[in-house]
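Written out below as structure tokens is the structure these notes cover.
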Amino acid sequence: MSGSRENNLKNIDVNFPLGCMTLVTGVSGSGKSTLVKKILYPALQREKGIFNDKPGQFDTIKAPFEKISSIEFVDQNPIGRSSRSNPVTYIKAYDEIRSLFAKQTLAKNRGYQAKHFSFNVDGGRCDHCKGDGNTTIEMQFMADVVLQCEHCMGKRFKKEVLEVEFGGLSLDQLLEMSVDDAIDFFEKENQTKMVQKLKPLQEVGLGYVALGQPSTTLSGGEAQRIKLASFIGRGITHDKIIFIFDEPTTGLHFHDINKLLRSFNALIDQGHTVIVVEHNLDLIKCADHLIDLGPEGGKNGGSVVAMGTPEEVSKVKDSFTGQYLKEKLGN
Ligand SMILES: Nc1ncnc2c1ncn2[C@@H]1O[C@H](COP(=O)(O)OP(=O)(O)OP(=O)(O)O)[C@@H](O)[C@H]1O
Ligand SMILES: [Mg+2]
Ligand SMILES: [Zn+2]
């Protein structure tokens, strides 16, 4: 396959096994992101009849694609543009929360339905900010100014709607709770379904995030982990997916890296395949399969230096990753 050369990848052959974790390694500039984003992802999409960007140059990619239903590139782009979208709306736990409030006696007496507890339709949300909690003033020649809505004081709902309580909490109080606290709260209230829905967020290391934190304020890494949590939350289905991550551990604390690794294993246990671009050497020894690019960055990179199990890669003298593994594996 030919095309204009926009990167340093030579025509390459890669393969990876399904149902386990493959790591793409190599020094900075060796072509890791290019391989997963510009070649693997579009090429695999094509195998599934989805035509997007033309894949870059490659010779062959070997894997039994007929066993795969889709490919997901889990990037760090925001989970939504509106401040009305947040972690619980993204993982589809918000419907449950709305119905819970609608079931309370006060809500029933006043004739409130689930929609009255929604940000997205008129009725219960603040009419002034339309459930945003903020209003934006467009400034000429300057960046827009965002102010807290003075009608609801940033609480997003009408005062009378917030009078409805579940377990002693109003809707806005619940939305301000962290995932960890909310799990404890729902456990106490015997809301097993809510606990189950929130667990994946905790598992990917997002226990500290507020249920209703606007998606526009989440970091790239947080957005990426919310996407991961939503896939874990689907549980075991017939769909077998290849998940691709580009440097998901950047900036993560050691403790959270372990959580992320457990989440990858959860996906693998559900029968999925995980491909991760990774610098982190701790992760390298946990991989089932490696694709090591190099030997250097830029023009002197772009080739597959080593490929196979950590054991096999450790025998390749020209591979930096191989040398590291050799020490670690002690052979
Ligand atoms: N669109 C492009 N135009 C020109 N050069 C490019 C383009 N995309 C990538 N490159 C070059 O190709 C090489 C590989 O880039 P790539 O982003 O794949 O590296 P990487 O292995 O992911 O590095 P890092 O670990 O720093 O993320 C680099 O030298 C980069 O400058
Ligand atoms: Mg990169
Ligand atoms: Zn308002």
Side-chain angles (χ1 to χ4, degrees), residues 3-12 14 22-43 53-58 73-77 82-84 86 116-137 145-163 170-172 175-176 212 214 216 220-221 224 244-252 275-281 283-284 290-307 319-321 324:
S4 62
R5 279 287 295 275
E6 285 167 345
N7 54 63
N8 64 347
L9 280 181
K10 320 286 188 287
N11 286 342
I12 54 171
V14 291
T22 292
L23 245 53
V24 179
T25 56
V27 296
S28 179
S30 58
K32 304 180 295 296
S33 297
T34 310
L35 174 66
V36 297
K37 197 181 260 166
K38 300 280 173 60
I39 297 179
L40 275 181
Y41 182 61
D53 293 349
K54 187 172 169 293
Q57 308 179 359
F58 64 93
F73 195 100
V74 188
D75 58 31
Q76 300 202 342
N77 296 337
S82 141
S83 47
R84 288 188 292 262
N86 56 47
H116 288 91
F117 299 93
S118 163
F119 306 107
N120 291 322
V121 290
D122 281 334
R125 69 178 183 185
C126 170
D127 288 327
H128 189 71
C129 64
K130 302 277 179 207
D132 249 1
N134 298 313
T135 50
T136 305
I137 301 167
V145 173
V146 180
L147 293 175
Q148 190 182 68
C149 171
E150 64 210 21
H151 288 251
C152 64
M153 308 306 279
K155 292 184 176 173
R156 301 141 172 263
F157 290 92
K158 289 177 181 155
K159 209 167 139 263
E160 54 273 26
V161 168
L162 294 179
E163 283 164 6
S170 64
L171 183 52
D172 72 302
L175 290 172
E176 276 177 20
T216 47
Q224 187 179 40
I244 302 178
F245 295 85
D246 193 352
E247 308 227 21
T249 65
T250 307
L252 281 191
I275 298 177
V276 194
V277 172
E278 196 46 72
H279 268 128
N280 191 294
L281 295 174
L283 232 64
I284 291 176
L290 295 163
I291 300 173
D292 191 43
L293 298 180
E296 312 280 340
K299 280 203 298 291
N300 300 321
S303 303
V304 177
V305 179
M307 190 160 63
S319 156
F320 291 126
T321 308
Y324 165 80

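One is the number of the first residue; the rest follow in order along the sequence. First listed ligand is number 1; within each ligand, the first listed atom is number 1. If you're wondering where the values come from, they're calculated on a predicted model, not measured in any experiment.
In this structure, T321 OG1 and I284 CD1 are separated by 5.0 Å, a value rounded to the nearest 0.5 Å. To the nearest 0.5 Å, atoms CG (L293) and CE (M307) are separated by 10.0 Å. Rounded to the nearest 0.5 Å, atoms CD (E247) and NZ (K32) are 6.0 Å apart. Atoms CG and OG, from D132 and S82 in turn, are 5.5 Å apart once rounded to the nearest 0.5 Å.
Residue contacts with ligand 1: G26 is excluded, as none of its non-hydrogen atoms falls under 4.0 Å. Using a 4.0 Å cutoff on heavy atoms, G297 does not count as a contact of ligand 1. Residue contacts with ligand 1: H279 is included, with a non-hydrogen atom under 4.0 Å away.
Checked by distance only, ligand 1 and K38 stay at 3.5 Å or farther apart across all their nitrogen or oxygen atoms. For ligand 1, the polar-atom distance check against L35 finds no nitrogen or oxygen pair separated by under 3.5 Å.
Nearest to atom 18 (O) of ligand 1 by heavy-atom distance, out of T25, T34, L293, is T34.
Taking a cut-off of under 4.0 Å to the non-hydrogen atoms of G31, the atoms of ligand 1 that pass are 14 (C), 16 (P), 18 (O), 19 (O), 20 (P), 21 (O). Taking every non-hydrogen atom of E247 and a distance limit under 4.0 Å, the qualifying atoms of ligand 1 come out as 25 (O), 27 (O). Counting the atoms of ligand 1 from 1 in the order shown, those under 4.0 Å from a heavy atom of G298 are 29 (O). Ligand 1 places these atoms under 4.0 Å from at least one heavy atom of S33: 17 (O), 18 (O), 20 (P), 22 (O), 27 (O).
Under 3.5 Å, the side chains of S170 and D172 contain a donor-acceptor pair of N or O atoms.
Looking only at distances, no side-chain donor or acceptor of R156 sits under 3.5 Å from a matching main-chain atom of R84.
The aromatic rings of H128 and H151 lie parallel to each other, their planes meeting at an angle below 30°, with 60° marking the opposite boundary.
Within the coordination shell of the Mg ion (ligand 2), defined by N, O or S atoms under 2.8 Å, S33 is present.
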Show your working on salt bridge (charged side-chain N to carboxylate O under 4.0 Å, His left out) between D122 and R125 and close with a plain yes or no. CA-CA 6 Å; D122 281 334; R125 69 178 183 185; 3.1 Å; yes
Using the rule given for side chain to side chain contact (heavy atoms under 4.5 Å, CB included), can you reason through H116 versus K158, listing the C-alpha separation, both sets of side-chain angles and the distance that settles it, and then say yes or no? CA-CA 9 Å; H116 288 91; K158 289 177 181 155; over 6 Å; no
Run the numbers on V36 and F245 for side chain to side chain contact (heavy atoms under 4.5 Å, CB included), then give the verdict. CA-CA 8 Å; V36 297; F245 295 85; over 6 Å; no
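For the Zn ion (ligand 3), protein N, O or S atoms closer than 2.8 Å were enumerated as C126 SG, C129 SG, C149 SG, C152 SG, with waters left out.
For the side-chain hydrogen bond (donor to acceptor under 3.5 Å, both in side chains) test with E278, the passing option among T249, T250, T25 is T249; the others fail.
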